[in-house]
Amino acid sequence: MSIRDESIGDRIGTFGREAIRNGWTRERFVLLGLLGLVLVSLGPPFQVYLFTEFLIIALFALAFNLLYGYTGLLSFGHAMFYAGGSYGLAIVLRDLQPHIADTIGSGIAPLVTFVIGGLIAVVGVLLLAIPIGWLSVRLEEIYFALITLAFGMLVYSFIIQNPQGLTNGTDGIIVTLGITEIGGTELRLGDRQTYYFLTLAVVLPSIYAIWRIVHSPFGTICKSIRESPDRAAALGVNVTHHRWMTFIVSAVFVAISGVLIAGLANVASPYHSHWTTSAIPVIATVIGGATYFSGPIVGAFVYLYVRWGISRYPVLEAYWEFFFGVMLIVVVLYFKGGAAGGLVLLQAWLLDVRTAYERGGTSEAWAFVRESAAEKQRNLSARLSNLGRSEPSEGAER
Amino acid sequence: MTTVLKTEELRKQFGDLVAVDDVSLEIGGEEITSIIGPNGAGKTTFYNLLTGVLEPSSGSIWLGKEGDLREITDDPPHEVARNGLSRSYQITNIFEGLTVRENVQVARITHEGRTFDFRSRAAKDEELNEDVDELLALTNLTELAETPCETLSHGEKRNVEIALALAIEPTVFLLDEPTAGMNPTETREIVSLIRELDEDIDATFVVTEHNMDVVTDISDRIVVLAEGAVLADGEPREVLSDERVTEAYLGSEA
Ligand SMILES: Nc1ncnc2c1ncn2[C@@H]1O[C@H](COP(=O)(O)OP(=O)(O)OP(=O)(O)O)[C@@H](O)[C@H]1O
Ligand SMILES: [Mg+2]
């Protein structure tokens with residue numbers, strides 16, 4: 001073999017391995033990640049805004065995926081809980097702010113009201129999710145998707161109709177976070193940077209909580225229901241009850257993301273309850289990969305940043321839905337595991353390329369790249385020609 | 001004989017078709033009972049009635065230990081399972097997307113009532129995994145513990161099927177054609193596994209099976225179903241030499 005030239009790729013690879021060997025353990029990578037998150041706050045205000053929105057959508061999609069990727073239920077009405085969160089906060093801010101200020105003094109009232117509003121919103125959604133979930137989980141598959149869609153539309157029309165001035169109709173409710181004063185220092189919650197850190201402080205623990213749920217015995221039961229509900233039942237799992245519980249947990253975390261979006265957008269808008277909003281976590285999860293914990297996070301990132309990228313070109317912006325359509329088709333056809341799955345595959349593929357390179361230099365690596373590209377091509381055309389034909393499914397005998 | 005499972009005039013009709021025709025049976029706790037019969041005789045339907053998957057048209061089902069029988073006729077499947085009736089499936093039905101370990105964890109989690117133990121992490125829970133390891137050892141799956149089930153061979157999947165059913169420590173274990181689709185080696189292995197388990201474990205085994213060598217090998221008692229009704233019932237030698245039984249089989253093959 002020829003003398004290795006020190007290409008950049010080589011050096012990065014060596015650096016990574018060295019780093020791991022020198023004790024760059026998970027904790028240190030987490031620290032590095034946190035540092036990165038702090039650095040984001042120093043970016044231009046719009047970028048901070050966009051990243052905050054990404055965190056919120058990521059939580060929305062993760063909570064949705066608890067039901068979809070982990071339990072096998074596709075909800076098409078999760079916007080109702082998102083809107084529940086945002087309207088809950090907005091209504092408390094509008095109607096209770098003065099009372100709270102009277103009781104505890106106007107200095108810290110805005111912050112306290114935000115916290116109370118958030119809690120009330122989440123509890124409100126919990127109370128909403130209990131009966132809606134109870135009814136919905138009695139149906140499966142497409143019927144479950146349809147009944148959640150129907151409940152979502154019900155909530156949307158309720159909001160639009162503005163019962164007794166509660167929701168302010170199509171205009172929605174303006175959310176003003178105000179200025180909090182603690183010990184002489186002023187804190188503008190609505191400030192991009194401040195709100196970004198507030199969002200981080202809520203989203204990171206929420207993600208960790210969902211991660212723990214997924215890896216707890218509860219999460220194992222969720223996955224068993226996704227894989228085979230009747231088998232789970234034959235082992236003593238009360239499938240309907242477990243789906244119901246998962247539905248409620250999912251709704252609660254969606255409510256948290258809804259509270260955060262109201263504060264970020266400064267409005268609780270009927271749009272938050274529209275079915276197109278229900279589609280956001282679906283799209284993010286499918287793009288990112290429903291079978292990976294991080295899939296919805298990756299998907300939310302791709303969704304928001306691609307949309308932002310498109311929005312910078314007015315010619316394209318009119319067609320941004322078209323781009324997402326194309327993207328979804330490509331993912332569904334090509335990457336079963338979504339972008340997160342794609343990244344895992346890419347990593348494995350790069351390792352293979354590397355092995356080929358170490359075996360026989362550039363020519364060998366190039367041959368491997370061409371070979372695997374040709375194979376992908378064959379797979380894709382095979383899948384395309386299989387499209388209309390459904391695979392025989394091996395189901396349980398009933 | 002102490003009865004662990006009993007049916008009284010159990011019947012299931014699909015429209016005009018009588019799939020299970022007034023079957024009254026008492027299964028004793030000390031024996032391996034085989035339920036045999038030609039294709040479409042109603043064996044799987046009988047199991048589906050027992051486990052609450054199908055609702056009987058009429059009749060009743062009783063289950064219990066030491067002669068203390070409880071009626072389970074109207075119980076949903078998960079309660080039947082919790083009451084001690086477990087099954088394996090004719091068409092393999094396991095959690096394909098999960099590892100072998102996770103499969104057995106599912107059964108142990110529900111059996112131990114730990115579904116809502118959010119402090120636990122399933123993969124690292126020692127108490128849970130000790131029990132799982134024990135079961136995997138019992139069913140010769142130790143080496144495959146971390147393997148995703150979709151990559152297992154057919155024979156290995158059938159072992160997972162058995163591990164799952166045993167993990168809930170059943171009183172009665174219904175096996176639906178455990179050797180279905182197996183090659184001779186796999187068949188021999190699973191038969192010896194069933195015999196070992198019958199020795200080691202407190203559960204009563206009920207088996208449906210098409211392979212007559214297997215049936216004669218493991219059964220203490222044979223029940224023959226034909227067109228949903230009990231045609232013969234008794235010691236293997238008696239039943240297999242019964243003319244009506246040979247006729248039922250030959251008739252179905254003609
Ligand atoms: N869900 C159902 N709806 C209508 N008919 C059914 C249903 N399930 C079973 N049957 C019919 O009931 C009869 C008994 O079927 P079953 O599957 O119980 O037979 P089996 O003895 O298990 O046969 P095999 O040996 O092939 O497994 C068959 O005629 C079958 O077509
Ligand atoms: Mg059958």
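Letters A, B, ... mirror the listed sequences (proteins, then strands); counts begin at 1.
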Relative to chain A, which segment of [X] carries a heavy atom at a distance below 4.5 Å: side chain, backbone, both, or neither?
X      : answer
B/V80  : neither
B/T51  : neither
B/E112 : neither
B/I109 : side chain

* **Test side chain to side chain contact (heavy atoms under 4.5 Å, CB included) applied to A/V237 and B/H78, step by step** => CA-CA 6 Å; A/V237 175; B/H78 69 271; 5.6 Å; no
* **Between B/A107, B/A165, B/A123, the one whose heavy-atom pairs under 4.5 Å with chain A are most numerous** => B/A107
* Please tell me if the side chains of B/L98 and A/R226 come closer than 4.5 Å, counting only heavy atoms from C-beta onward. => yes
Within a reach of under 6.0 Å around [atom1] of [X], are more than 12 heavy atoms found that belong to other residues, nucleotides or ligands?
X      : atom1 : answer
B/D202 : CG    : no
A/Y68  : OH    : no
B/Q13  : CD    : yes
B/K6   : NZ    : yes
B/E227 : CD    : no
A/W211 : CH2   : yes

* Would you please test A/D230 and B/V53 for side chain to side chain contact (heavy atoms under 4.5 Å, CB included) and show each step? => CA-CA 8 Å; A/D230 60 324; B/V53 173; over 6 Å; no
* Asked: Do side-chain atoms of A/R212 reach the backbone of B/R119 as a donor and acceptor pair under 3.5 angstrom?
  -> yes
* Under the 3.5 angstrom rule, does the side chain of A/S216 hit a backbone N or O of B/F116 as a donor-acceptor pair? -> no
Taking all atoms of both residues into account, what is the closest heavy-atom pair of [X] and [Y], and its distance?
X      : Y      : result
B/N93  : A/S228 : OD1-OG, 2.7 Å
B/T115 : A/I221 : CG2-CG1, 4.0 Å
A/G236 : B/A81  : N-CB, 3.5 Å

* Please state whether the rings of B/F118 and A/F218 are parallel, tilted or perpendicular, taking 30° and 60° as the class boundaries. => tilted
* Verdict with reasoning, A/I225 to B/F95, per side chain to side chain contact (heavy atoms under 4.5 Å, CB included) -> CA-CA 9 Å; A/I225 293 175; B/F95 309 116; over 6 Å; no
* May I have the step-by-step check of salt bridge (Lys or Arg N to Asp or Glu O under 4.0 Å) for B/E96 and A/R231, ending in yes or no? => CA-CA 11 Å; B/E96 294 271 344; A/R231 186 32 142 164; over 6 Å; no
* Structure fact -> When B/Q105, B/R108, B/R101 are each screened for side-chain contact (heavy atoms from CB on, under 4.5 Å) with A/T220, the one that passes is B/Q105
* Roughly how far, to the nearest 0.5 Å, is the OG1 atom of B/T99 from the NZ atom of A/K223? -> 8.0 Å
